[in-house]
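Read through the structure below, which is laid out as C-alpha cells, and then see the notes.
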Amino acid sequence: MTWSPREKSQLKYSLHSPLSTLHSPLSTMVRTRFAPSPTGYLHIGGVRTALYNWLFARQHGGQFILRIDDTDRQRNVQQSLRPILDGLRWLGIEWDEGPEVGGPLGPYYQSQRLDRYRNAVEKLLAGGHAYYDYATTEEIQAERAAAEREKRMFRYSRRFMAETPADRARFEAEGRQAVVRLKIPAEGKLTIDDAIRGRVEFDWANEQDHVVQRADGTCLYHLANVVDDHDFQITHVIRAEEHLSNTPRQVFIVEALGYPRPAYAHLPLVAEPGSHTKLSKRKLDKYLKNRDFAELFEHGRKIAALIGHPVEADAFNPVIVDFYQTVGFLPEAIVNYLALLGWALDDKTEHFSRKELIESFSLDRVNKAPASFDPRKLMAFEERHFQQLPQEEKVSMVLPYLQKAGFLSDTLTVADRAKVAAIVKAAGDRIKIAGDILSFSEFFMTKPPIDPVAKKKAIHKPTEDIELLKNWCQVIPTIQPFEAATYEKRLHEFASTEERRFGDIVRLLRVALTGKSIGLGLYETAEILGYSANTTNIQLFIFDLAQKPEDNLPRSEDD
RNA sequence: GCCCCCUUCGUCUAGUGGCCCAGGACGUCGGAUUCUCAGUCCGAUAACACCGGUUCGACUCCGGUAGGGGGUACCA
C-alpha cells in the first residue's frame, strides 16, 4: 500500500507512539545512529545511510550517535575503525556520541556491552520469549534438508528445546551444549509502519526461532542491535533496506523486552552503475568495465600515481570514500550527490549546501527504489562545487598536491603561492578535483618533457618551424611588461609579419613552451612561465627538433 | 522454494485522478564561442514494465503477470 505525504507525516508522529505519548522531554527528542562494523573502509552506501541519519537528527535538533557493531570481530577494531572515523569526519558527518567523543550512555562498542546482552537474554528466557536449545548444528541442518526435500518451509521442531531445569540437565548429561533461541509465535501477523515504505505486514509463521546467544555465551547481532538501540534511546532506526526483512525478529525482541518500539525507516539500496544490485566493494573489476566508472577510476589513478599513493591498494576504489579524499574531491560535493541518491526535494533543486540539506531533508521524500551510483553525475556535482569555491580556497586545496608530487617543497614561499594562484586563476574550470592541478606540471619543471604526439601535430616543416621559433625568440625581449596582454599583442603582430596562420603559431608555441598540445591559454601560460623559461624552453625545443629529425616528419593525411 | 520490498528517459528524479501526447538534472548527439583543452551558451534525443479493472478521464487507485532486488545463518 502507498501513503500520501500527509498520511506519511502523520505516521511519522504516531509511529514512535511509545515515546511521543509519554509527554516526557523524550517525546520531542530525536536520536538516530549509524552502526558500522569495523571493516577497515567506509563504503559509499554506508555513507549515505550515515548522512540521512545525520541530516534527520540535525534537522530535528536531535543527536546522532555512532556505535560500533563489533560483536563479530574483537581484533584490530581500532585499526579497522580508523578509516571509517576519518571518512565520516572528512565528510563533516560529526557524531554527538560515540568513539573518541564519548557520551553519557557509553561504551559505544558492542564488544564492551556483553553483560547488557546477557541480561537481556536472561529476561527473554524468564519471560518465556526464548528458550535453551540443545540441538547440534548437524541436527538443525538435517531438519533443514528434510524440509527442503519435502518442499516445505523449514521451521525448527524444537525437539531439543529445554524449558525446565530437568530438561536442561537431561540434555547436558548427553554432553550437549545450549544456544538460546527466540520463541517465535506459530501464527499471527506483525505490522510495521515504515516511514518510507508505509505499512508492511509479516506473518510470524514465516519467521524462524533465531539464535540470539551462542553456546559460548556470546550473542548475535539482532539481539545486540535491539538492546543497544534501546540503551542509546534511539528514536528512529534509519538503515538500509536489507534490514527490512530482519525487522520482525527485532520487533519481537523489542516487545518481549518491553521496550518502546522505535520508528523504522528502510532506505533503498545504493546500487551498481546501471543496475539494481547492491554496490559492492569487491566487484571493482566488474565496475571497471563500465565506461563512466572506469573514467572516474582512471582520473583518480593518474592523480594518485603522481602523489605516490598506492593505486593497487584495497581502499583505492571509487566505492570507498578514501578514494575521493585521496584525489581531492570536495566533501560538500559528495554529500550533495549522496543526498540526492534516493531523495529529492522537488522537481528542480539539485544544488544544496549542507545547511540547505539540513533544512529541507525529510524521510517522506525518500524514494523506495534502489538508486544506482552514477560516477558521472558525482563528477558533475564535484565540478559545480569546485567552480564555486573562492580562488583562495582552491589554492589552499591544490597546494598539498603539488607538495606531495614533489613540485613544491614543504615550506612554501610567497612566490610559490603567487605562482599557484596564477595557475589556478588561469585554469578556471579546468581544475575539477584538487588533484587536477598536477596536470599543469609544466609550470614546475625546468625541462618539461615533450609529448611526441603533441609535437607531431604542431610541426609542419621542421626547418621552417625552427626558423619561426628563432624569429619569435628575437621578439620576446620586446615584450614589455612580460604579461599576457602584451604577449598577445606582440604575437599578433608577429603572426602578420610571418604570414603563417595564427592558430598554427599558437600550437607550435604551446608545444615549445609546455611540451603538450593542451593546456591553459597560451598568453597566460607564457606569463606564468616568465621571461627566462620562455626563451629556454623554446631553445630546448629547437634543439630537440634539430637533434631528432626523424621524429619530426610532417604528419601524414591519416594521422 | 518461501517471505518481504521495488518498477517514470541510459542514470538520478518531479509527478498524490484532468495542470502531463510527462518537467528538471547528469549523460549522449548537434551547433555557437576561443589558440588547444576545460568551460559557457543554444538546440536535439530519450521514459510512465505488461495485462486487466475502477472512472467521463489513470503515470497516479485496485487486481494480476513479468522483471529486478533483499531476506531466509550459532554473519553484520
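Below, chain A is the first sequence line, B the second, and so on; all start at residue 1. Side-chain atoms are counted along with the backbone in the values below, which use heavy atoms only and exclude waters and symmetry mates.
Nearest to the side chain of A:Ala380, among B:U13, B:C26, B:C5, sits B:C26. Side chain of A:Ser245, nearest nucleotide from B:G71, B:G1, B:C5: B:G71. For A:Asp374, whose side chain is taken as the heavy atoms from C-beta onward, the closest listed nucleotide among B:G10, B:G24, B:C4 is B:G10. The side chain of A:Ala369 approaches B:U7 more closely than any other nucleotide in the set B:U13, B:C35, B:U7. For A:Ala371, counting side-chain heavy atoms from C-beta on, the closest listed nucleotide (B:C12, B:C35, B:C5) is B:C12. Side chain of A:Arg365, nearest nucleotide from B:U36, B:C26, B:G15: B:G15.
Residue A:Leu345 contributes atom CG, which lies 16 Å from atom P of B:A25 at whole-angstrom precision. If you take CG of A:Leu267 and C1' of B:G69, they are 15 Å apart, rounded to a whole angstrom. Rounding to whole angstrom units, NZ of residue A:Lys348 and P of B:A14 are separated by 13 Å.
Donor-acceptor pairing under 3.5 Å, judged by distance alone, is absent between the side chain of A:Lys368 and the base of B:C6.
Under the 3.5 Å distance criterion, the side-chain polar atoms of A:Arg176 are matched with a main-chain donor or acceptor of A:Tyr134. Side-chain N or O atoms of A:Tyr264 include none that pairs as donor or acceptor with a backbone N or O of A:Asp193 at under 3.5 Å.
For the pair A:Arg291 and A:Glu350, nearest-nucleotide mapping onto RNA chain B gives the more 5' position to A:Glu350. Comparing A:Tyr523 and A:Asp346 against RNA chain B, the residue whose closest nucleotide sits nearer the 5' end is A:Asp346.
Annotation: proximity of residues 499-507 of chain A to RNA chain B (heavy atom, distance under 4.0 Å) is found for A:Val506, numbered in ascending order.
A:Phe252 does not carry A:Arg249 over the face of its six-membered ring by the limits of under 6.0 Å from the centre and within 45° of the normal.
Distances shown here put a side-chain N or O of A:Ser372 below 4.0 Å from the OP1 or OP2 atom of B:C12.
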What N/O pairs connect the protein and nucleotides 39-44 of chain B at under 3.5 Å? Give each pair on its own line.
unit_1: B:G39; atom_1: O2'; unit_2: A:Asp429; atom_2: OD2; d: 2.5

What N/O pairs connect the protein and nucleotides 72-76 of chain B at under 3.5 Å? Give each pair on its own line.
unit_1: B:A73; atom_1: OP2; unit_2: A:Arg144; atom_2: NH1; d: 2.2
unit_1: B:C75; atom_1: OP2; unit_2: A:Arg214; atom_2: NE; d: 2.9
unit_1: B:C75; atom_1: OP2; unit_2: A:Arg214; atom_2: NH2; d: 2.3
unit_1: B:C75; atom_1: O2'; unit_2: A:Asp72; atom_2: OD2; d: 2.8
unit_1: B:A76; atom_1: OP1; unit_2: A:Thr71; atom_2: OG1; d: 3.0
unit_1: B:A76; atom_1: OP2; unit_2: A:Tyr221; atom_2: N; d: 3.0
unit_1: B:A76; atom_1: O3'; unit_2: A:Asp69; atom_2: O; d: 3.3
unit_1: B:A76; atom_1: N6; unit_2: A:His222; atom_2: NE2; d: 3.2
unit_1: B:A76; atom_1: N6; unit_2: A:Asn246; atom_2: OD1; d: 3.0

